[in-house]
Protein chains: 2
Amino acid sequence: MANGILDRCRQAGLRLTAPRREIAAVLEASTDHPDAETIRQRAAVRGFTLSLATIYRTLKAFEEEGILEKRDFDGGRARYEDAERGHHDHLIDLETGRVIEFVDPDIEALQERIAARLGYELHGHKLELYGRRKTRR
Amino acid sequence: MANGILDRCRQAGLRLTAPRREIAAVLEASTDHPDAETIRQRAAVRGFTLSLATIYRTLKAFEEEGILEKRDFDGGRARYEDAERGHHDHLIDLETGRVIEFVDPDIEALQERIAARLGYELHGHKLELYGRRKTRR
DNA sequence: CTAAGTGCAAAGTATTTGCATTGCG
DNA sequence: CGCAATGCAAATACTTTGCACTTAG
């Protein structure tokens with residue numbers, strides 16, 4: 001079974017170039033959802049210079065192969081995350097903008113049922129909750 | 001109670017200018033989720049010329065006042081819909097790109113519970129389902 | 001060896017903004 | 001009247017693309 005991004009990259013028939021190895025490394029070292037520019041900065045910190053064009057092309061290629069998932073929380077820059085880390089949804093902190101990941105089996109099941117009710121086969125979903133931290137002290 | 005977009009516009013202390021009346025009219029006549037350019041075209045058909053800058057500024061103002069809601073289905077152009085029409089979620093047809101609206105009280109309740117479990121007060125949410133029409137004949 | 005991938009700079013989209021002018025309240 | 005809103009064009013933000021060069025397989 002393929003676990004790492006590079007394994008899946010190879011499985012997909014994509015060449016394992018130095019930039020791709022670096023982008024994969026940055027993504028796997030990230031616990032958040034970096035955008036293209038952030039990926040470049042993180043690579044730079046690690047001593048690797050990446051062209052933004054390459055990053056965009058690579059992210060698109062990875063996404064098309066189902067290796068990464070694209071997120072668009074705010075309509076600004078697109079952010080990416082490893083698709084293999086298992087599906088989860090997001091709660092966005094309205095105060096800080098922080099993104100909290102969560103999973104809920106009930107939600108998954110319910111969405112499946114709703115899609116079926118509408119006459120559709122569910123192929124994916126995105127759920128974003130927006131909230132403020134409860135001021136319980 | 002304020003029902004129309006213009007009523008809420010006035011409530012919010014925004015001036016009721018001709019372009020705003022037109023944008024409101026176009027939105028209220030739309031059953032889909034138009035983007036800025038589409039709004040301009042629809043206004044044009046109705047014989048009203050709108051500057052794109054004005055449309056963008058108006059949409060942003062309306063959104064900030066909670067009159068409209070911004071959607072970003074594909075990461076491309078932002079789309080807008082009347083916030084007062086009651087909350088609903090979206091199912092996007094993967095074949096045609098068509099957007100189907102739906103409401104499900106169970107989903108609403110479940111999301112509320114999840115947010116609470118995470119220690120958050122839910123202030124909004126977006127749910128997008130992606131699917132293909134069931135080929136049942 | 002050769003098709004896929006890269007970097008650069010230029011081109012595309014989508015959206016925002018400066019500024020002089022207009023018009024709602 | 002005065003300040004908010006408008007239109008235009010220029011500016012910005014993000015992403016894509018053409019092209020010549022490099023490199024993985």
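In what follows, every chain begins at residue 1, and chains take the letters A, B, ... in the order their sequences are listed.
- Fit an axis to the five pairs at each end of the helix from C:dC1-D:dG25 to C:dG25-D:dC1 and the two axes sit 40° apart, to the nearest 10 degrees.
- No donor-acceptor pair under 3.5 Å is formed between the side chain of A:E81 and the backbone N or O of A:L68.
- Residues A:H33 and A:H90 have side chains in contact (heavy-atom distance under 4.5 Å, counting atoms from C-beta outward).
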Sequence-aligned protein contact record of nucleotides 17-25 of chain D, with B where the base is within under 4.0 Å of a protein heavy atom and S where only the sugar-phosphate is: BB----BBS

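- Among the candidates B:K70, B:R8, B:R71, the single residue satisfying the salt bridge (charged side-chain N to carboxylate O under 4.0 Å, His left out) test with B:D82 is B:R8.
- We find that CZ of B:R20 is positioned 18 Å from P of C:dT22, with the value rounded to whole Å.
- A:L110 has its side chain within reach of B:L110: a pair of non-hydrogen atoms, C-beta onward, lies under 4.5 Å apart.
- Rounded to whole Å, atom P of C:dA14 lies 15 Å from atom CG of B:L59.
- Counting only distance, with no hydrogens or angles, the side chain of B:T54 and the backbone of B:L50 share no donor-acceptor pair below 3.5 Å.
- Centroid-to-centroid, the aromatic rings of A:F102 and A:H88 stay 6.0 Å apart or farther.
- Shortest non-hydrogen contact noted between B:I55 and B:I23 is CA-CD1, 3.9 Å.
- The distance between atom CD of A:E22 and atom P of C:dT6, rounded to the nearest whole Å, is 12 Å.
- Per the geometry, CG belonging to B:L50 stands 14 Å off C1' belonging to D:dC8, to the nearest Å.
- Rounded to whole angstrom, the span from the CD atom of B:E64 across to the P atom of D:dA5 amounts to 11 Å.
- Here the C1' atom of nucleotide D:dC8 and the CG atom of B:L52 are 12 Å apart, to the nearest Å.
- Residues forming a ring pair (Phe, Tyr, Trp, His ring centres under 6.0 Å) with A:H123 (at least two apart in sequence, or on another chain): none.
- The list of salt bridge (Lys or Arg N to Asp or Glu O under 4.0 Å) pairs with a residue in residues 102-115 of chain A, not counting sequence neighbours, reads A:D104-B:R117.
- One N or O on the side chain of B:D89 and one on the backbone of B:L127 form a donor-acceptor pair closer than 3.5 Å.
- Annotation: side chain of B:Y80 is not in contact with side chain of B:D35 (no heavy-atom distance under 4.5 Å).
- Listed by residue number, the members of residues 68-82 of chain A with any heavy atom below 4.0 angstrom from DNA chain C form an empty set.
- No more than 12 heavy atoms of other residues, nucleotides or ligands sit less than 6.0 Å from atom CZ of B:R10.
- A heavy atom lying under 4.0 Å from DNA chain C marks none of the residues of residues 26-44 of chain A.
- With A:E28 contributing its side chain and A:I5 its backbone, the two residues share a donor-acceptor pair below 3.5 Å.
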